[in-house]
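Note that these values count all heavy atoms, side chains included, but never hydrogens, waters or copies made by symmetry. First the proteins, then the strands, lettered A, B, ... as listed; each starts at 1.
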There are 2 protein chains.
Amino acid sequence: MVTIRDVAKEAGVSVATVSRVINGSGYAHIDTKKAVDLAVSKLQYKPNEVARSLYKRKSKLIGLILPDITNPFFPELSRGVEDYLQRRGYRLIIGNSDGKQEKEREYINTFSQNNIIGIIASTSEYNDRNYKDLNMPVVLLDRTTEDLPAVYADQHAGGELAAAALMERGSKEIVIVRGPITIKPVRERYQSALELLQNTEGVNVQVLDSTLSFQGAKSCAKELFDKYPKTDGVIACNDIVASAILQEGLRLGRLIPEDLQIIGYDDIPMCALLYPALSTIRQPAYEMGEVAAESLIKMINKEPLTEQHIKLDVAFIDRQTTRKGM
Amino acid sequence: MVTIRDVAKEAGVSVATVSRVINGSGYAHIDTKKAVDLAVSKLQYKPNEVARSLYKRKSKLIGLILPDITNPFFPELSRGVEDYLQRRGYRLIIGNSDGKQEKEREYINTFSQNNIIGIIASTSEYNDRNYKDLNMPVVLLDRTTEDLPAVYADQHAGGELAAAALMERGSKEIVIVRGPITIKPVRERYQSALELLQNTEGVNVQVLDSTLSFQGAKSCAKELFDKYPKTDGVIACNDIVASAILQEGLRLGRLIPEDLQIIGYDDIPMCALLYPALSTIRQPAYEMGEVAAESLIKMINKEPLTEQHIKLDVAFIDRQTTRKGM
DNA sequence: TTGTAGGCGTTATCAT
DNA sequence: ATGATAACGCCTACAA
């Protein structure tokens, strides 16, 4: 390993001088600067970030906590975060929490121990206190809390958009497949959809519970058609579950969207490749990641945040599982 | 921040003693050990990993380089890696390279600068030299090279399995949709399939190029039916592309699998939720990640690797886009 | 069994 | 403009 000493020796100056020209701090004669630069490139010197981090008590590392990268909503999110940070020289330590307090806490601890300078967390609810007194910047992603900055999508609008789309297109017997209500954004989208539906004359609403994962989706779909065979409209908690319902509906010979309309949530890339292509509520996952990263960097640089809570728009993506020409 | 000094003071011993009991190295009287443990928990002391890393010149950090986490094959892979490492106290720094030399190199550099102790890389071909003289353990994942340890799936078998499955089930006009041949595993599966098909009487083979991504998939599907309308069997380079072809085939009124059989590759979780469910060649992504992590840890601990190259089995997953009852 | 002291690679203060 | 040198928090000879 080549250290600053080697460079100093090679350039015939002191380590202090090398440090100065490398960091562009303090003065340095143009010639010594050249000599140092030469030595640096000759020896291929790269500063040891660990030593830097130790001295400055801060690194270029940022922690990202996700529930589960295996859920297709999160890869886009995380790339949004990474791409933004990568361009600015930061690196990402990633942790999948599976929504578990303990795992989250474990990650947070090792994050601190590594002098991480900030955390972006898509945490499950009630784990907030993990982050409260952490003496480093935290941005919540796809989640909100009173006290912490957050970036999230408009779940309220999302739920209403889904409900409205279905009703406008004539569904009368609607089932909301509700995800785990312990997850705030999932709960909110559900509540908004339910409220709008319940306040509408001539619409009959049922609620069915489901997970968000591939594993649970199939059985949920079966249960849906079993319990509510007359259903002519489904609002799913995410696109995975919607896909399973679409599959099962097709299997049972339902005409989609003529007999049964389906709306998913998230707009994962796969939606566009289903047949019929899945109508859904789009969350701007990649952008959410970027914006969260941007906010975090601002906080790290002590720049003021114009808004503590940044709510991004969702949109109804009108594909083939909802009817046309109203 | 509470340091080892604070603990020493609290326990009324020297920092050396604290260090010893914390690390279980050297001797310590049972009573002083108790005193130290008490002080540690009272002060909530957590050793600073950065300082440790600086002194020992190694951290608990491991680098993972992927082409793109947004490709549904990789989330499972990366969770396999992470879960294995997480249990053993290691942490993961992740980097998406998009297959670009430069990005990879950039990540590798910062990895080194952060005293990372090992790298798992799912790199694109020809970037090997990035890793050759890296003076730290490297395991290639989903890739091979002469000199480096590697964990990968049996692409050769995969390609043949796909080809055989289609022929056994009666397809005569087969199109192989080939992914970027610069990616070795993609090229290999293609070559094996092609070879088997070409050596079979009465089978007509065509080759079509495609990307592996969502973006390219749709247009590739259109091109397929445009150029080769008589096709009755498709071997796709991955499940994404297969999904697009399935969709387009359905849209054009093809009966699947009666008129057209389709086989994907990877067995991403979504396959099972398509209609008809997609037959595919399964790569054990999660396991590949685990095994790669295991190998890396062995190398880090200077344990011998029983095999340098670990080839995992693939399997034909017989779902609904291939015919039954032969 | 325990403590002292030096060093890991870097930055920043303070002389010069 | 430049160079010693003391930190940063930890670990490990070595001495006691």
Side-chain angles (χ1 to χ4, degrees), chain A residues 1-37 39-40 43-61 89 109-117 135-136, chain B residues 1-37 39-40 43-61 89 109-117 135-136:
Chain A
M1 161 179 273
V2 26
T3 77
I4 201 172
R5 276 171 213 285
D6 303 320
V7 177
K9 192 176 296 172
E10 174 73 25
V13 297
S14 75
V15 297
T17 303
V18 176
S19 177
R20 272 188 225 106
V21 341
I22 283 175
N23 297 294
S25 58
Y27 300 90
H29 191 88
I30 178 72
D31 290 336
T32 66
K33 187 162 150 41
K34 273 179 193 162
V36 170
D37 287 341
V40 165
L43 300 180
Q44 296 249 56
Y45 168 70
K46 304 209 185 4
N48 181 322
E49 285 296 333
V50 176
R52 274 188 175 165
S53 169
L54 178 59
Y55 183 86
K56 305 181 121 175
R57 293 199 186 99
K58 52 167 95 165
S59 68
K60 300 286 270 182
L61 265 21
N109 280 343
T110 53
F111 286 175
S112 305
Q113 294 181 63
N114 284 286
N115 284 5
I116 272 189
I117 45 169
N135 87 325
M136 76 173 95
Chain B
M1 162 179 274
V2 25
T3 78
I4 200 173
R5 276 173 212 285
D6 302 321
V7 177
K9 193 176 296 174
E10 174 74 24
V13 298
S14 76
V15 297
T17 303
V18 176
S19 177
R20 271 186 225 107
V21 342
I22 283 175
N23 296 295
S25 59
Y27 301 89
H29 190 89
I30 178 71
D31 290 335
T32 66
K33 187 162 153 39
K34 274 180 193 160
V36 170
D37 287 342
V40 165
L43 300 180
Q44 297 248 54
Y45 170 69
K46 305 207 184 6
N48 181 323
E49 283 297 332
V50 176
R52 274 190 175 163
S53 169
L54 179 59
Y55 181 84
K56 306 182 115 173
R57 292 192 183 111
K58 53 167 94 162
S59 67
K60 301 285 270 181
L61 266 20
N109 280 342
T110 53
F111 286 176
S112 305
Q113 295 182 61
N114 283 286
N115 284 5
I116 274 189
I117 45 171
N135 86 326
M136 75 173 96

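At a cut-off of 3.5 angstrom, counting only N and O atoms as typed in the model, there is no donor on one side facing an acceptor on the other between the side-chain of R57(B) and the base of dG7(C). For dT1(C), the base has no donor-acceptor partner in the side chain of Y27(B) [N/O atoms by modelled type, under 3.5 angstrom].
Scanning both residues, A11(B) and A39(B), for their nearest heavy atoms gives CB-CB, 3.9 Å. Here the closest non-hydrogen pair linking G89(B) and K60(B) is O-CE, 3.8 Å. Here the closest heavy-atom approach between residue Q113(B) and residue P47(A) is recorded as OE1-O, 3.0 Å. Contact detail for V2(B) and Q44(B): the closest heavy-atom pair is CG1-O, 4.3 Å.
Running 5' to 3' along DNA chain D, contacts with non-hydrogen atoms of chain B at under 4.0 Å begin and end at dG9(D) to dT12(D).
Atom CG of N115(A) and atom P of dT10(C) are 16 Å apart (whole Å). Atom-to-atom, CG of N23(A) to P of dT13(C) comes out at 13 Å; the value is rounded to the nearest Å. At whole-Å resolution of the value, CG in D31(B) and C1' in dT2(C) are 14 Å apart. Between K58(A) atom NZ and dT11(C) atom C1' there is a gap of 13 Å when expressed in whole angstrom units. The nearest whole Å value for the distance from the CG atom in D6(A) to the C1' atom in dC8(C) is 14 Å.
In this structure, V13(B) reaches the sugar-phosphate backbone alone: every heavy-atom distance under 4.0 Å involves primed, P, OP1 or OP2 atoms, never a base. Using a 4.0 Å heavy-atom criterion, one finds that S53(B) contacts no nucleic acid atom at all. As judged by a 4.0 angstrom heavy-atom cut-off over every strand, T3(A) is placed among residues touching the sugar-phosphate backbone only.
The residue among L54(B) and A16(B) whose nearest nucleotide of DNA chain D is located toward the 5' end is L54(B). Summary of the strand contacts: R5(B) and Y55(A) both lie near DNA chain C, and taking for each the nucleotide with the nearest heavy atom, the more 5' one is attributed to R5(B).
Taking 4.0 angstrom as the limit, N48(A) places none of its side-chain polar atoms (N or O) nearer than this to OP1 or OP2 of dC8(C).
The backbone N or O of S53(A) sits nowhere less than 3.5 Å from a side-chain atom of S59(A) that would complete a donor-acceptor pair. N114(B) places no side-chain N or O within donor-acceptor distance of the main-chain N or O of I116(B), the cut-off being under 3.5 Å.
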Exercise. Would N48(A) and T3(A) count as a side chain to side chain contact (heavy atoms under 4.5 Å, CB included) if you check the C-alpha gap in whole Å, the side-chain angles of each, and the deciding distance to 0.1 Å?
Worked result: CA-CA 8 Å; N48(A) 181 322; T3(A) 77; over 6 Å; no

